[in-house]
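Naming convention: chains lettered A, B, ... in sequence-line order (proteins, then strands); numbering from 1 in each chain.
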Protein chains: 2
Amino acid sequence: MITAEQILRKQDLRGTACRKFIINGLLNNDKALSENELKGESPELFDRVTFYRTLITLEESGIIHKIVLNDNSVKYALNSHHHNENNLHSHFHCEECDEVLCLEGKTRFEAELPDKFVSHGVFVVIEGFCADCASHIK
Amino acid sequence: MITAEQILRKQDLRGTACRKFIINGLLNNDKALSENELKGESPELFDRVTFYRTLITLEESGIIHKIVLNDNSVKYALNSHHHNENNLHSHFHCEECDEVLCLEGKTRFEAELPDKFVSHGVFVVIEGFCADCASHIK
DNA sequence: ACATGTAATGCAACAATGTTGCAAATATAA
DNA sequence: TTATATTTGCAACATTGTTGCATTACATGT
């Protein structure tokens, strides 16, 4: 099992408390998490500004990525080592329980862009119900 | 050419000034527009709350749709009458000039969802450069 | 283990965006 | 033209994102 410190080292980042806290939060969870979900029981542990700046640092270094949902809320997840051609980032968002899953490698996308347009990345959010919520709701 | 009033009538909505203003803004423009882009020269014409509430009303009635970009900014566009099977909403966002285009019917998407998951809609944002910006930037 | 320079943090203050309740104004149907 | 339900504007507030700067913590040399 890889540790937060190892992940940070690999990117030449210092192993600070806030960085380790966030990475460990994501390592212990297969879902994407929001700022508040990450903070969990200890919302005062780090200053809000530090938290934001740390998330930005981790995103810029390629350790995590940000998922912006249709309701303007934001979640974060660790990057998989998986790379695909058109830089396709797909996620599922359960409208009922608000859970977000990464759908790495399980999606395909094609687009006919207007002439001379250049794509740098594709961000997909599937909105719907997860298995649990689908069964509860009928 | 269809008018704002006709669009509102069809959805049993009153033809109020703010609604007509927004719909006309979008009718006169093939791009998706942000709140500030819609307000344009007259940002004080309507109260900000009215603007928000009107956008929500228009979205709920199916006249417009909201596009949430990766940088958390939001744009709005008229709904086309076009419907597709998996309820796929695709847009292109130019990272340079910030322009957003609807890519109606020009995209294809497939996903293998986990068992029993239900999809209600798919939202795609392609980030990149539009033709103009791609040529300027080289 | 310790001193050192650099990088990260916390604080204060602020900007932007989104939301609610309520009284006044307005659109439509009679 | 009037009645009535709907929409609007205002005030106040909540949430989220951002900046500058002094303080603190990290990692590297010794």
For B:Lys20 and C:dT26, give me the distance from atom NZ to atom C1', rounded to whole Å. 11 Å
Could B:Lys39 and B:Phe46 be counted as a cation-pi pair, given that NZ or CZ must be under 6.0 Å from the ring centre and within 45° of the axis? no
Do A:Asp71 and A:Ser73 have a side chain donor and acceptor closer than 3.5 Å? yes
Closest nucleotide among D:dC26, C:dT20, C:dA29 to the B:Arg9 side chain: C:dA29
Could you please name the option among C:dG18, D:dT8, C:dT19 that lies closest to any side-chain atom of B:Val49? C:dT19
Could you state the CZ-P distance from B:Phe51 to D:dT7, rounded to the nearest angstrom? 16 Å
Whole Å only: how far is the CZ atom of A:Arg19 from the C1' atom of C:dT9? 10 Å
Where the side chain of B:Arg14 is concerned, which of C:dT26, D:dT16, D:dA27 is the nearest nucleotide? C:dT26
With a cut-off of less than 4.0 Å, is there a side-chain N or O of B:Thr50 near OP1 or OP2 of D:dT7? no
Hey, is the side chain of B:Asn72 poking within less than 4.0 Å of OP1 or OP2 on D:dG17, counting only N and O atoms? yes
To the nearest Å, give me how far apart CG (A:Asp47) and P (D:dA25) are. 14 Å
Between the base of C:dG18 and the side chain of B:Arg48, is there a donor and acceptor pair under 3.5 angstrom? yes
Looking at D:dC26, I'd like to know if its phosphate oxygens (OP1 or OP2) sit under 4.0 Å from a side-chain N or O belonging to A:Thr16. no
Touch check for A:Thr54, heavy atoms < 4.0 angstrom, all strands: base, sugar-phosphate only, or nothing? sugar-phosphate
May I ask you to decide whether B:Lys75 forms a salt bridge with B:Asp98, counting only side-chain N to carboxylate O separations under 4.0 Å? yes
Is the ring centre of B:His136 less than 6.0 Å from the ring centre of B:Phe129? no
Considering every strand shown, what is the Watson-Crick or G-U wobble mate of D:dG29 when both distances are under 3.5 Å? none
The answer to which of A:Glu5 and B:Phe46 contacts DNA chain D further toward the 5' end, by nearest nucleotide, is B:Phe46
Measure from the side-chain heavy atoms of A:Arg53 and tell me the nearest of D:dC26, D:dT18, D:dC21. D:dC21
Rounded to whole Å, CD1 of A:Ile22 lies from C1' of C:dT9 at a distance of 13 Å
Nearest-nucleotide check on DNA chain C, B:Gly15 vs B:Ile56; residue mapping nearer the 5' end is B:Ile56
A:His91-A:His65 aromatic ring centre distance below 6.0 Å: yes
To the nearest Å, give me how far apart CZ (A:Phe21) and C1' (C:dT9) are. 15 Å
Taking only the side-chain heavy atoms of B:Tyr52 (C-beta and beyond), determine which of C:dT17, C:dA12, D:dT16 contains the nearest atom. C:dT17
If you find the nucleotide of DNA chain C closest to B:Glu35 and the one closest to A:Cys18, which residue's nucleotide is nearer the 5' end? A:Cys18
Identify the residue among B:Glu127, B:His93, B:Glu95 that makes a side chain to side chain donor-acceptor pair (under 3.5 Å) with A:His120. B:Glu95
To the nearest Å, give me how far apart CG (B:Leu13) and C1' (D:dT6) are. 11 Å
Starting at atom CG of B:Leu58, determine the distance to atom P of D:dT7, rounded to an integer number of angstrom. 10 Å
